[in-house]
Amino acid sequence: MGSEDAKQLHQPVLLNEVLRVLSPKKGDLVIDATLGLGGHAEAMLKAGAAVFGIDHDRAAIQIAKQRLARYGELFNAAIGRFSELCKIAQDAKLEAADIILADLGVSSMQLDTPQRGFSFRSDGPLDMRMGQDSGPTAEEILAEYDENEIADIIYRYGEERYSRRIARRIVERREAGRPVKTTRDLADLVERAVPRRRDSAIHAATKTFQALRIAVNDEMGELEKFLDKAPRFLKIGGRIGVISFHSLEDRLVKQAFRRLSGKCECPPRIPICRCGAVQILKILTKKPVVAGEREIVSNPRARSAKLRAALRIA
């Protein structure tokens, strides 16, 4: 895929809102912690900022580099997890950033590449790894975890009410010598396990696929590490923004920003704060910023996107 193809495929969500809330300008250093195909980064570069991108996906890094090559030394990138932002930035000899952005969504390229296994729209191996060189695949999880572990993943990360039934079918297939190996195979199994939802436009397997992707990539653990460290790599007056697509992600971002703005979340009877509340941020978005109807029509994946942002004050 070339850089022009990437532009056609990828529509960065909440782009205008990101630019308005984070306000990039000439001379700023922006760390795009989830670079993807470079849509948000390109907008920051057009505003005159220098951008350092991080992504766990080697293919995405390569495409973004091609797309943004015309910006020369204003753009650089490194392969890595967004939870490792501080270490990666320090290894690149970067000073504190003016802006840090993390878009937690899966890119269009990943969804539309059957070999990556993120989507049931086309048949492919059950991989689902953001970085394809580490960690267990979704197929390996379904082949090795016990029934309760699989059900817990589907319920916790997919909020799927039929998680136990789905897990039971997966294990039954495995014990019969026919383990689930492909995206189509898993989608068909879930459809048969879940009662038909006549009033829903969402495919029956959507929640299960989401849950497995989150588990494969330890997305919640990665996000917690990022939220703990990244705000401290901002300059005083610097801004951090996080775009989430899942209620669990949004809750973690909301709680972290509240804690880092000095709001203690300990039970009222505990005499000493144990939640780690410290006032280094000022919350810029009392409620999450969401997409307008026009953007949702042109880019349906923006429907569930929520942007929260904060300012470093100490």
Which pairs, with at least one residue in residues 214-224 and sequence neighbours excluded, count as a side chain to side chain donor-acceptor pair (under 3.5 Å)?
Ser83-Glu222, Arg213-Glu219
Which pairs, with at least one residue in residues 20-36 and sequence neighbours excluded, count as a side chain to side chain donor-acceptor pair (under 3.5 Å)?
Lys25-Asp28
Can you find a pair of side-chain heavy atoms, one from Val216 and one from Ile141, that are under 4.5 Å apart?
yes
Please report the shortest heavy-atom distance between Ala211 and Gly158, naming the atom on each side.
CB-N, 3.5 Å
Where Leu15 and Ala43 come nearest, the two heavy atoms and their spacing
CD1-CB, 3.5 Å
Stepwise, does the ring-ring contact (aromatic ring centres under 6.0 Å, His included) test hold for Phe120 with Phe209?
CA-CA 8 Å; Phe120 44 77; Phe209 271 70; 5.1 Å; yes
Single-linkage hydrophobic cluster, 4.5 Å side-chain cutoff, Ile243 and Leu19 together
yes
Is the closest side-chain heavy-atom distance between Val18 and His40 below 4.5 Å?
yes
Side chains of Val30 and Phe52, heavy atoms from C-beta outward: is any pair under 4.5 Å?
no
Please check this pair: side chain of Arg165 against backbone of Ala193, looking for a donor-acceptor N/O pair closer than 3.5 Å.
yes
Around Arg156, counting heavy atoms of other residues, nucleotides and ligands shown, do more than 12 lie under 6.0 Å from its CZ?
no
Under a 3.5 Å distance rule, please check whether Ser244 uses its side chain to pair with a backbone N or O of Ala305 as donor and acceptor.
no
Closest heavy-atom pair, Ala205 versus Ala187, reported as atoms and distance to 0.1 Å, is CB-CA, 3.9 Å
Would you say Arg116 and Asp127 make side-chain contact, with heavy atoms under 4.5 Å?
no
Look at the side-chain heavy atoms of Ile, Leu, Val, Met, Phe, Trp and Tyr, link any pair under 4.5 Å apart, and say whether Ile283 and Val242 land in one connected group.
yes
Do Ile154 and Lys207 make a side-chain contact, defined as non-hydrogen atoms from C-beta onward lying under 4.5 Å apart?
no
Salt bridge (Lys or Arg N to Asp or Glu O under 4.0 Å) partners of Lys235, counting only residues at least two apart
Asp98
Can you pull out every side chain to side chain donor-acceptor pair (under 3.5 Å) where at least one residue sits in residues 280-291? Sequence neighbours excluded, please.
none
Nearest heavy atoms of Lys306 and Val290, plus distance in Å
CG-CG1, 4.1 Å
Taking side chain to side chain contact (heavy atoms under 4.5 Å, CB included) as the test, write out the residues that go with Asp188, two or more places apart.
Arg184, Glu191, Arg192
Got a sec: does the OH of Tyr145 have more than 12 other heavy atoms crowding it under 6.0 Å?
no
CD/Glu147 to CZ/Arg174 distance, rounded to the nearest 0.5 angstrom?
9.0 Å
Which ring pair (Phe, Tyr, Trp, His ring centres under 6.0 Å) pairs, counting each pair once, include a residue from residues 224-267, with sequence neighbours left out?
Phe82-Phe226
Is there a donor-acceptor pair closer than 3.5 Å between any side-chain N or O of Arg239 and the backbone N or O of Ala310?
no
Can you name the closest pair of heavy atoms from Ile100 and Ala97 and give their distance?
CG1-CB, 4.0 Å
Might you work through the salt bridge (charged side-chain N to carboxylate O under 4.0 Å, His left out) test for Asp55 and Arg81, ending with a clear yes or no?
CA-CA 6 Å; Asp55 206 285; Arg81 298 175 183 271; over 6 Å; no
Side chains of Ile54 and Leu35: closer than 4.5 Å at any heavy-atom pair?
no
Indicate yes or no for a side-chain donor-acceptor contact from Arg301 to the backbone of Val106 under 3.5 Å, with no hydrogens or angles considered.
yes
Is the shortest side-chain heavy-atom distance between Leu281 and Ile313 below 4.5 Å?
no
Give, for atom CG of Asp185 and atom CG of Leu126, the distance between the pair rounded to the nearest 0.5 Å.
8.0 Å
Distance in Å, Arg169 CZ paired with Leu186 CG, rounded so as to fall on 0.5 Å steps
13.0 Å
Could you check whether Lys254 pairs with Asp250 (Lys NZ or Arg NE/NH1/NH2 to Asp/Glu carboxylate O, under 4.0 Å)?
no
For the atom pair CG (Asp123) and OG1 (Thr182), what is the distance rounded to the nearest 0.5 Å?
4.0 Å
Does Glu42 use its side chain to pair, donor to acceptor, with the backbone of Gly39 at less than 3.5 Å?
no
Nearest 0.5 angstrom please: Met220 CE to Lys225 NZ, how far?
14.0 Å
For the CD atom of Glu139 and the CG atom of Leu142, what is their distance to the nearest 0.5 Å?
8.0 Å
Answer yes if Ile79 and Phe75 sit in the same cluster of Ile, Leu, Val, Met, Phe, Trp and Tyr residues linked by side chain heavy atoms under 4.5 Å apart, and no otherwise.
yes
With no hydrogens and no angle check, is any side-chain donor or acceptor of Arg312 less than 3.5 Å from a backbone partner on Arg232?
yes
Check: Arg67 side chain, Leu37 main-chain N or O, donor-acceptor pair, under 3.5 Å
yes
Is any side-chain heavy atom of Thr137 less than 4.5 Å from a side-chain heavy atom of Met128?
no
Which heavy atom of Leu14 sits nearest to which heavy atom of Glu295, and what is that distance?
N-OE2, 2.8 Å
